[in-house]
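Data first, discussion second: the structure below is written as structure tokens.
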Number of protein chains: 2
Amino acid sequence: MTVSGSRTEGIRAAALDLFTRLGYGATTMADIGAAVGIRGPSLYKHVASKQDLLVQIMTDTMDNLLALHRVAVDSSSDPTERLRRATEAHVRYHARHRQEAFVGNREIRSLAEPHRTKILTRRAEYEAGFRDLVTEGVAAGCFSVASARLASYAILDLGMGVAAWFRDDGELTEDTVAWQYGEFALSMVGAPPRS
Amino acid sequence: MTVSGSRTEGIRAAALDLFTRLGYGATTMADIGAAVGIRGPSLYKHVASKQDLLVQIMTDTMDNLLALHRVAVDSSSDPTERLRRATEAHVRYHARHRQEAFVGNREIRSLAEPHRTKILTRRAEYEAGFRDLVTEGVAAGCFSVASARLASYAILDLGMGVAAWFRDDGELTEDTVAWQYGEFALSMVGAPPRS
DNA sequence: CCTGTCGGCTAATGAGGGTTAGCCGACTGT
DNA sequence: ACAGTCGGCTAACCCTCATTAGCCGACAGG
């Protein structure tokens, strides 16, 4: 095994960047090749297809997101703290991996079956995770919401928004956004103000 | 003027529907034609181009959104009430015109210049409108936020989310979502709990 | 009737772009 | 030295589309 794994990684990174900026459909294999200094057809020495590049990106993204979610949830048994940490993890992922998250949200349509279904299932799992956190909190008397579904959608949507506008060199740091959105989430589910 | 205006409208509606479901790039003129019962090339008897269809949709959407925003803002002079109404208008538009909002958010990339710039300018105006509402509220002592920018982004992102998941036949009605999101917005900017 | 115009159609054009075929230089291991 | 593999390249294939050209039936008005 040579360092060529790094070339494959470079291709994936370039593809991610271009998919983010131009969209999957508008990105050509020639574009991706140019970004790593080779011609379009040469890419096929490293990757199976353009579609495969997208599938890899989306799958990795969902895996990472789910893994981080589980870690965050398992790190506490207090419903309020669990929701805060899950929200922060969600926001941090979307700030730190803006491109993955952005493409992951926007290009589901570009996925061919059966991958689309698989990703949508993973996504539904993730959403259900948040809904459960809210429901548990309500059951434990920590939260008070009109609709657990609505509250969880709202929290998730906040994260997606972050992926759209967050910039590393912007005036808002990842820590600021994560903390603030954690607070937003708790206030939206009617958790009592901070201890 | 014949009833052919209705055909043109039908085409626009079909295009909007298809752009929403498949995306601009993946929608073909033949698809749009089929949706109204004619062949692709026949569309050119009614519309200038595929790109033009998108431009119309995006422009109308931004015009409507800005108009509704102004009405909402002008309907009160109390900062809290202004923000609540603007948020409700935002959410209602995104629930009622899911497709327009969805396409408007997602297909900016598909717009050719100079339309893209024009739409982005309009969009920036709209965002600034919300930021100003938050800033005014803070100045008036009604709100308390860590960052007006962050709070306004959060409110806007909630609306975009609505366009993605709202369904007319879902368990959540437009009224429920609008009211609840208005409350979310106020709680996020630290407005004192309801009167 | 005759003549436009309206609004459809099919066929053709031309560009774009994913993917495959087949060639070749460079480096590796023997 | 030599054989093989790795990873480039160009050319070609082939398909999908937006758009244009040019034809034609229906129908309205004189």
Side-chain angles (χ1 to χ4, degrees), chain A residues 1-58 103 106-116, chain B residues 1-58 103 106-116:
Chain A
M1 173 203 331
T2 65
V3 205
S4 79
S6 129
R7 165 116 307 183
T8 302
E9 265 178 52
I11 291 170
R12 274 219 251 278
L16 175 58
D17 183 53
L18 287 161
F19 291 169
T20 305
R21 293 195 344 248
L22 313 178
Y24 177 78
T27 299
T28 72
M29 290 302 268
D31 290 337
I32 301 173
V36 296
I38 64 179
R39 306 288 178 172
S42 304
L43 291 170
Y44 290 85
K45 293 288 163 75
H46 304 281
V47 302
S49 67
K50 186 185 169 186
Q51 175 73 207
D52 186 57
L53 276 168
L54 182 61
V55 171
Q56 301 286 344
I57 290 170
M58 305 273 269
V103 170
R106 241 175 163 93
E107 301 290 359
I108 291 183
R109 296 196 281 223
S110 306
L111 277 177
E113 292 297 357
H115 305 291
R116 176 164 45 211
Chain B
M1 170 200 333
T2 65
V3 206
S4 80
S6 131
R7 164 108 323 172
T8 302
E9 266 179 51
I11 291 171
R12 273 220 252 280
L16 175 58
D17 185 52
L18 286 161
F19 290 169
T20 305
R21 294 192 346 246
L22 312 177
Y24 177 79
T27 299
T28 72
M29 289 302 268
D31 290 337
I32 300 172
V36 296
I38 63 178
R39 305 287 178 175
S42 303
L43 292 170
Y44 290 85
K45 293 288 162 77
H46 304 281
V47 302
S49 66
K50 186 185 170 187
Q51 175 74 205
D52 186 57
L53 276 168
L54 182 61
V55 171
Q56 302 284 346
I57 290 170
M58 305 273 269
V103 171
R106 246 179 160 91
E107 302 291 358
I108 291 183
R109 298 194 279 224
S110 305
L111 277 177
E113 292 298 355
H115 305 292
R116 177 164 44 211

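Chain A is the first sequence line, chain B the second, and so forth, proteins listed ahead of strands; every chain is numbered from 1. Just so it is clear, the structure is predicted and the values come from calculations on it, not from any experiment.
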I would like to know whether B:Leu53 and B:Gln56 meet side chain to side chain contact (heavy atoms under 4.5 Å, CB included); could you show each step before the answer? CA-CA 5 Å; B:Leu53 276 168; B:Gln56 302 284 346; 5.8 Å; no
Of C:dG18, C:dG8, D:dG8, the nucleotide closest to the side chain of B:His46 is C:dG8
What verdict does the side chain to side chain contact (heavy atoms under 4.5 Å, CB included) test give for A:Gln51 and A:Tyr24, after you've listed the backbone C-alpha separation in whole Å, the side-chain angles of each residue and the deciding distance to 0.1 Å? CA-CA 9 Å; A:Gln51 175 73 207; A:Tyr24 177 78; 3.3 Å; yes
Taking 4.0 Å as the cut-off, does a side-chain nitrogen or oxygen of A:Ser42 come that near to OP1 or OP2 on D:dG7? no
Hey, is the main chain of A:Val36 close enough, under 3.5 Å, to the side chain of A:Arg7 for a donor-acceptor pair? yes
Side chains of A:Thr20 and A:Asp17: do they bring a donor and an acceptor to under 3.5 Å? no
Give me the residues of residues 25-39 of chain B where at least one heavy atom lies under 4.0 Å from an atom of DNA chain C, by number, or none. B:Ile38, B:Arg39
Counting any heavy atom closer than 4.0 Å, what does B:Lys45 reach on the DNA or RNA strands: base, sugar-phosphate only, or nothing? base
Tell me, which of residues 11-21 of chain A have any heavy atom that sits under 4.0 Å from an atom in DNA chain D? none
If the threshold is 4.0 Å, N to carboxylate O, is there a salt bridge linking B:Arg12 and B:Glu9? no
Quick note, A:Arg7 side chain, CB onward, closest among D:dT19, D:dG8, C:dG18 is D:dG8
Could you tell me the separation between the NZ atom of A:Lys50 and the C1' atom of C:dG16, rounded to a whole number of Å? 11 Å
Side chains of B:Asp52 and B:Ser49: is there a donor and an acceptor less than 3.5 Å apart? no
Spacing between A:Leu43 atom CG and C:dT20 atom C1', to the nearest angstrom: 14 Å
State whether A:Glu107 and A:Lys50 are salt-bridged, where the test is any N-O pair (Lys NZ or Arg NE/NH1/NH2 against Asp/Glu carboxylate O) under 4.0 Å. no
Could you check whether any side-chain N or O of A:Arg39 sits under 3.5 Å from a backbone N or O of A:Gly33, counting only pairs where one atom can act as donor and the other as acceptor? no
